[in-house]
Trainee: 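Sharing a structure, written as structure tokens. Questions coming.
Order of the sequence lines fixes the chain letters, A, B, ..., with proteins taken first and strands second; residue numbering starts at 1 for each chain. Predicted model only: the values in this text are computed from it and were never measured.
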Protein chains: 2
Amino acid sequence: MSQQSVTMADVAKAAGVSRTTVSFVLNGRTESSIPETTRERINQAARELGYRPNAAARTLASKRSSWFGLVTEIATSPFATDVIKGAQQAAWKDGNFLLVAPSDDEPGMDQRAVEKLLEQQVGGLIIATTWHRQITVPDNAKLVPCVLVNCFDADGEFPSIVPDEIGGGYAAAEILARAGHTNIGHITVAMGIPAQIGRQTGMKQALRDHGIEPDDTKIVPGDGTADSGYHGTQALLSQTDPPTAIFCGNDRIAMGAYDAIKERGLRVGEDISIVGFDDQEILAPHMRPKLTTIALPFEELGMAGVSLLNQMVEGSPIENRQITIGCPPRIRSSVAMHGQR
Amino acid sequence: MSQQSVTMADVAKAAGVSRTTVSFVLNGRTESSIPETTRERINQAARELGYRPNAAARTLASKRSSWFGLVTEIATSPFATDVIKGAQQAAWKDGNFLLVAPSDDEPGMDQRAVEKLLEQQVGGLIIATTWHRQITVPDNAKLVPCVLVNCFDADGEFPSIVPDEIGGGYAAAEILARAGHTNIGHITVAMGIPAQIGRQTGMKQALRDHGIEPDDTKIVPGDGTADSGYHGTQALLSQTDPPTAIFCGNDRIAMGAYDAIKERGLRVGEDISIVGFDDQEILAPHMRPKLTTIALPFEELGMAGVSLLNQMVEGSPIENRQITIGCPPRIRSSVAMHGQR
DNA sequence: CTGTTAGCGCCTTCAA
DNA sequence: TTGAAGGCGCTAACAG
């Protein structure tokens, strides 16, 4: 490090006071009130000398660092980067940093990542995943406060923050039902994952609440790819009584659905209504017609993660160990009113 | 921090040696050779006690930290996250961390970000942007080694690493020319930015090299959105001698182009060939037909950034201050052979 | 209200 | 080959 090194002692000397005094005013301690003039003198000296606090020294002396560790595979995938963004913003606001360590499928890597993070004296840990699922948390993560984001552990030992898949599925189906559709298809994401289960459950609930009996023959299993959306849509539209609306398990499925619909000479948002899920910013607003979809609140997940962590670090009791965050609808142009009531 | 605190002194005591000795073996110093038995004894003691080095103490004492700072707006945008990924991997491999600080449009914010990073004793700085462009670097960034990634400063004071836009444009046009197309349209990204200028320049060069005289009436200015691709394509296809192939300035433009083409009852990859740019992983491989495009080497940019930084920190002379990294083609299914030679 | 005094955990030079 | 001692820059009791 080639930084010039101006220390507190230097500032103290220049201002003609002791290091303690400098430490107090520079850290804005109010408990012992120091004359405004002294204060000013010190601040000025610091400025003139170009004093810059040394975070390592501070961490060492105070035994508390200004950063949290984030271990995640997200850094490796473009899908959920907003959780990093949210976490970062929240941390940054308090002058804290996020140390992000890449998570890896290779077994044991997570443990190593956590280990490195602990060496850096992180005050807390966030473990985040790209897609909502169950994980097993490395043991050493228990050494500091730790919260799970977009994932959860089997026995709920760690507080976790996840999207409200059920609510999202409900919202999606409701949009369609409210538009007058009664014959609604669904193409799922990969079977068995929380997103699939939750969204489908929510959808069925919404249908029932709107007086529509869910029909399992209208639900075709997909795998989250555009291809599965394409083929799923073809299957649905080939039924004898084809749906007038389809709730696609995610935006990419919707992308495939668009293609299948257009290929049949039908029009999305007129003949067939589509609702997606995820609200991928690169995709949804750019489709033709622009896709009505349900947003995954990644940024909020990240923010909630650090704020929960903050609470834990400060020792506040946390009331809610399983926080679920709503998935808000993004109404655009792929849904049409259908028939009359 | 609630970590149990086992220090080197503890290990030393347990192993019956001095702290110095412990420090030497734990850091793998070879210069003074310590008996294998002692070594083993120390390692075992460390393991048993659960010793974990304290990075803050190490940084303080050695005056060199194990991290680089990355200031970027990328953390805020899903478009170029791979540069973080690449940088992180490269850093992580050496046991180093990346401290990433959000960059902000608000003037002065970058300076503040750099300031915070310097306080953390970063050994070097990377400044990265989402899209290739010129920036002005905050003054304080000069205090440590600093490299620019996906951007550059006006007077080339900082080493910078950027994608080879010209080469990419050349490759795109060449794919089309080699497929036998001679009437090739182009829809640009936002006018005046390096991507637009470089790609267009490369394209024209490729055409000339293939005996095709560039025709400016075939070049329609866009703005990088799917909408501009849609309208640009309509314009192109309405010409009296419409192009048989279109080089779209980016993948989203290509997305719009697909829609316009399909709407006219033509088939992408048969009647009209399309080449994109960027290779957005969420988009390009999911389009129908899958989009042939030119990849932006984000990950490599990031990796090159930290490896250059490593060199600088170690004081190695750097020969190349302006590194440009190739944009490799991704051949998929949107280009068809055209006519005979 | 301000200054003195100890460390924090580790690295590193110097002796032994 | 190993041990002793000093110091990195800062915080935090505790005096004055």
Side-chain angles (χ1 to χ4, degrees), chain A residues 1-43 45-46 49-66 95 118-123, chain B residues 1-43 45-46 49-66 95 118-123:
Chain A
M1 275 165 310
S2 49
Q3 298 184 47
Q4 85 282 26
S5 231
V6 179
T7 76
M8 270 198 168
D10 297 326
V11 177
K13 185 144 24 110
V17 298
S18 81
R19 289 181 323 197
T20 315
T21 314
V22 174
S23 175
F24 273 35
V25 350
L26 257 30
N27 290 322
R29 298 296 204 77
T30 46
E31 54 251 41
S32 64
S33 52
I34 294 166
E36 193 49 47
T37 48
T38 314
R39 256 193 153 55
E40 191 41 55
R41 194 148 34 91
I42 291 173
N43 280 134
L49 270 55
Y51 170 75
R52 177 169 13 244
N54 179 324
R58 186 192 310 238
T59 300
L60 182 57
S62 67
K63 289 170 154 307
R64 31 185 290 111
S65 79
S66 61
L118 290 177
E119 288 181 7
Q120 308 300 319
Q121 312 301 112
V122 296
Chain B
M1 276 167 310
S2 49
Q3 297 184 48
Q4 86 280 28
S5 229
V6 180
T7 75
M8 271 197 168
D10 297 325
V11 178
K13 185 145 22 111
V17 298
S18 81
R19 293 181 321 203
T20 316
T21 315
V22 174
S23 173
F24 273 35
V25 350
L26 257 31
N27 290 322
R29 296 296 204 79
T30 47
E31 54 252 39
S32 64
S33 61
I34 294 167
E36 192 50 45
T37 49
T38 315
R39 256 191 153 54
E40 190 41 56
R41 193 147 35 91
I42 292 174
N43 281 133
L49 269 56
Y51 169 74
R52 176 175 305 123
N54 180 324
R58 187 191 308 238
T59 300
L60 182 57
S62 66
K63 290 171 155 303
R64 32 185 287 111
S65 79
S66 60
L118 290 176
E119 287 180 8
Q120 308 299 320
Q121 312 301 109
V122 296

Trainee: Which residue pairs satisfy the side chain to side chain donor-acceptor pair (under 3.5 Å) criterion with at least one member in residues 11-20 of chain B, sequence neighbours excluded?
Mentor: B:S18-B:T21
Trainee: Checking side chain to side chain contact (heavy atoms under 4.5 Å, CB included) against B:N43, which of B:V11, B:V25, B:T38, B:V22 comes through?
Mentor: B:V25
Trainee: A side-chain contact here means heavy atoms from C-beta on lying under 4.5 Å apart; do A:L118 and B:R52 qualify?
Mentor: yes
Trainee: Bend across the helix from C:dC1-D:dG16 to C:dA16-D:dT1, to 10°, with axes taken over 5 pairs at each end?
Mentor: 40°
Trainee: Rounded to the nearest angstrom, tell me the gap between atom CG in A:D10 and atom C1' in D:dG9.
Mentor: 10 Å
Trainee: Less than 4.5 Å apart, any side-chain heavy atom of A:K63 and any of B:N54?
Mentor: no
Trainee: Between C1' on D:dG3 and NZ on B:K13, what's the gap in Å once rounded to a whole number?
Mentor: 16 Å
Trainee: Quick one: side-chain hydrogen bond (donor to acceptor under 3.5 Å, both in side chains) partners of B:R41, sequence neighbours excluded?
Mentor: none
Trainee: Kindly write out the residues that satisfy side chain to side chain contact (heavy atoms under 4.5 Å, CB included) with B:A14, not counting sequence neighbours, or none if the list is empty.
Mentor: B:A45, B:L49
Trainee: So, is A:T21 near the phosphate of C:dG3, with a side-chain N or O under 4.0 Å from OP1 or OP2?
Mentor: yes
Trainee: Take the protein atom CD of B:Q121 and the nucleotide atom C1' of D:dG9, then report the distance between them rounded to whole Å.
Mentor: 9 Å
Trainee: For the pair made of CD1 in A:I42 and C1' in C:dT2, what is the distance, rounded to whole Å?
Mentor: 10 Å
Trainee: With rounding to the nearest 0.5 Å, note down the distance linking OG in B:S65 to CG in B:L60.
Mentor: 12.0 Å
Trainee: Looking only at heavy atoms, which two atoms of B:T7 and B:Y51 are closest? And how far apart?
Mentor: C-CE1, 3.7 Å
Trainee: Which letters describe nucleotides 8-16 of chain C, given B = protein heavy atom under 4.0 Å from base, S = only from sugar-phosphate, - = neither?
Mentor: BBBBB----
